[in-house]
Q: 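I have a structure I would like to understand better, so I am pasting it below and will then ask my questions one at a time.
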Protein chains: 2
Amino acid sequence: MTEGHRSGCPINLSLEVLGDRWSLIVIRDIIFGNRRHFRDLMTHSQEGIASNILATRLKTLLDEGIITRADDPTHKQKGIYSLTEKGIELLPVLAQLSAWGYKYLPVTEELGIRAKLLADGGPKLWAEFMDELREMHLGIKRKSKGPSVFAKLQAAYEAVVAKQKKK
Amino acid sequence: MTEGHRSGCPINLSLEVLGDRWSLIVIRDIIFGNRRHFRDLMTHSQEGIASNILATRLKTLLDEGIITRADDPTHKQKGIYSLTEKGIELLPVLAQLSAWGYKYLPVTEELGIRAKLLADGGPKLWAEFMDELREMHLGIKRKSKGPSVFAKLQAAYEAVVAKQKKK
DNA sequence: TCCAACTGCTTGCATATTGCAACTGGTTGG
DNA sequence: CCAACCAGTTGCAATATGCAAGCAGTTGGA
């Protein structure tokens, strides 16, 4: 039942899967940056993840059923990584974690804006975003209600960056 | 501003503090098990944390202002660890993480019951619990509304354990 | 008064993980 | 045909983890 696990506690089991400095960073970039390829995740990472670490993380996320990998029809070597429902439901975890970080840690303005919008929007906004993720990653159509949460978060980020450049 | 940090992203900064296999386990035991002493945290841990690891984690949690340490008047060597407001506000993070683990990982019944109750109760229950934690750790009185969330979670856990023994 | 048990840790050492940089084998488009 | 791009792999040094034992002090009971 609990073979190989330290305990059957849900928090512990979650930490055994996600409790390191990189796994949730990868999930974050897939969700908020819509990065779907290996190179994309590696080179556009704010934190500069090393290729071997990215490779091992993607492997364990695959093994855990948090993401899937499909061949990209446009390029024989490219793989497309997608979130599963299990992966999509990590959004509330990321949202709470980012809300806490936003409140208590030295967040930069441009990288904090998404956290602020997510925290202000609350669970209702998260659910809407998760529906968009289901469309993007699982192909499940949703009733579109105007501009997507994804687009709004992205636009807010870019607006802050543009404002900073003017200074 | 961001000295020594990989990036100013709130998720990243949170992971730099909490992103390992043990930090949130310690917070969990303080919150849900009300373990306040070193030995208490060490010997009653479900996962069997080693003393050196516990010591380094407590030190970084102190440095980060997530917990505080006070001398125990009943024993010159004992220290009492308490949560700060910053630590108490990790409850929603733990709640989301445990909800995810409860849904997707091989949780045992007795250790999953708290996750279930927390998930069912939602943010309103979490807020109530956080008020109790403020009373227990910060000495901030609250208007008591009958049995505490802490007690209810503990009772539910013990009921499951008792039921299992009968079998 | 003495001693066993308990207190919060520290130390030494083996093993595992991380992080960096270079490299591999293959694909693609011009 | 070749430079640029693709998803990783490999080797190696530095760091972190995990285990067991030990330490200096405190406490409570006989």
Side-chain angles (χ1 to χ4, degrees), chain A residues 2 4-7 12-13 15-27 29-30 33-64 67-82, chain B residues 4-7 12-13 15-30 33-64 67-82:
Chain A
T2 337
H5 294 298
R6 302 187 301 187
S7 86
N12 172 61
L13 292 169
L15 289 175
E16 286 185 18
V17 177
L18 303 166
D20 69 84
R21 280 176 168 63
W22 289 111
S23 299
L24 286 174
I25 292 282
V26 173
I27 304 286
D29 285 348
I30 296 176
N34 197 33
R35 315 217 183 286
R36 310 291 289 272
H37 308 289
F38 189 95
R39 221 73 179 187
D40 213 12
L41 283 161
M42 202 179 77
T43 59
H44 294 112
S45 158
Q46 287 276 345
E47 291 83 13
I49 190 169
S51 57
N52 55 346
I53 295 176
L54 176 57
T56 62
R57 287 309 177 281
L58 288 172
K59 210 167 290 172
T60 68
L61 291 174
L62 280 168
D63 291 345
E64 290 292 333
I67 59 174
T68 54
R69 197 204 129 115
D71 290 335
D72 186 330
T74 73
H75 192 300
K76 283 189 182 171
Q77 278 185 315
K78 268 188 175 174
I80 303 178
Y81 292 100
S82 299
Chain B
H5 294 299
R6 302 187 302 188
S7 87
N12 172 62
L13 292 169
L15 289 175
E16 286 185 17
V17 177
L18 303 166
D20 68 82
R21 280 175 170 65
W22 288 112
S23 298
L24 286 175
I25 293 282
V26 173
I27 304 286
R28 178 203 65 184
D29 285 348
I30 296 176
N34 198 34
R35 315 216 182 286
R36 309 289 290 273
H37 307 291
F38 189 95
R39 221 75 178 190
D40 213 12
L41 283 161
M42 203 180 75
T43 58
H44 295 112
S45 158
Q46 287 277 344
E47 292 81 13
I49 189 170
S51 58
N52 54 347
I53 295 177
L54 177 57
T56 63
R57 287 311 176 282
L58 288 171
K59 209 167 288 170
T60 68
L61 292 173
L62 280 167
D63 291 346
E64 290 292 333
I67 59 175
T68 54
R69 196 204 131 115
D71 290 335
D72 186 330
T74 72
H75 191 300
K76 284 189 181 170
Q77 279 185 312
K78 269 188 174 174
I80 303 179
Y81 292 100
S82 299

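Proteins get letters first, then strands, A, B, ... in listed order; numbering begins at 1 in each.
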Q: OP1 or OP2 of D:dA7 sitting under 4.0 Å from any side-chain N/O of A:Lys59?
A: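 No, because none of the side-chain N or O atoms of A:Lys59 sits under 4.0 Å from OP1 or OP2 of D:dA7.
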Q: For DNA chain C, which nucleotides open and close the run of contacts to chain A, 5' to 3', at under 4.0 angstrom from a non-hydrogen atom?
A: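 Contacts span C:dT18 to C:dT28, reading 5' to 3'.
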Q: Find out whether B:Thr60 and B:Val17 are in side-chain contact, i.e. whether some heavy atom of one side chain is under 4.5 Å from a heavy atom of the other.
A: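 They are not in side-chain contact.
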Q: How many Å lie between CZ on A:Arg36 and C1' on D:dA7, as a whole number?
A: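 Computing the A:Arg36:CZ to D:dA7:C1' distance gives 17 Å.
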Q: Run the side-chain hydrogen bond (donor to acceptor under 3.5 Å, both in side chains) test against B:Asn52 and tell me which residues pass, sequence neighbours left out.
A: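 With neighbours one apart ignored, the set is empty.
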Q: Apply side-chain hydrogen bond (donor to acceptor under 3.5 Å, both in side chains) to A:Arg57 and list each qualifying residue two or more places apart in sequence or on a separate chain.
A: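 For A:Arg57 the side-chain hydrogen bond (donor to acceptor under 3.5 Å, both in side chains) partners, ignoring immediate neighbours, are A:Asp20.
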Q: With sequence neighbours excluded, what pairs up with B:Glu64 under the side-chain hydrogen bond (donor to acceptor under 3.5 Å, both in side chains) test?
A: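 Applying side-chain hydrogen bond (donor to acceptor under 3.5 Å, both in side chains) to B:Glu64 gives none.
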Q: Taking CE from A:Met42 and P from D:dC6, how many angstroms apart are they, rounded to a whole number?
A: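 Computing the A:Met42:CE to D:dC6:P distance gives 10 Å.
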Q: Determine whether a donor-acceptor pair (N or O, by modelled atom type, separation under 3.5 Å) exists between the side chain of A:Arg35 and the backbone of A:Ile30.
A: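 Checking the backbone N and O of A:Ile30 against the side chain of A:Arg35, no donor-acceptor pair under 3.5 Å is found.
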Q: Sequence neighbours left out, what passes side-chain hydrogen bond (donor to acceptor under 3.5 Å, both in side chains) with A:Asp29? Give chain and number order.
A: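 With sequence neighbours excluded, A:Asp29 shows a side-chain hydrogen bond (donor to acceptor under 3.5 Å, both in side chains) to no residue whatsoever.
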Q: Any non-hydrogen side-chain atom of A:Glu16 less than 4.5 Å from a side-chain atom of B:Glu47?
A: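 Of all side-chain heavy-atom pairs linking B:Glu47 with A:Glu16, none is under 4.5 Å.
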Q: Do A:Arg6 and B:Arg21 pass the side chain to side chain contact (heavy atoms under 4.5 Å, CB included) test, and can you show the C-alpha distance, the side-chain angles, and the key distance before you say yes or no?
A: CA-CA 11 Å; A:Arg6 302 187 301 187; B:Arg21 280 175 170 65; 3.7 Å; yes
Q: Indicate for each nucleotide in nucleotides 17-30 of chain D, in 5' to 3' sequence, whether protein heavy atoms under 4.0 Å reach the base (B), only the sugar-phosphate (S), or nothing (-).
A: SBB-B--BBSS---
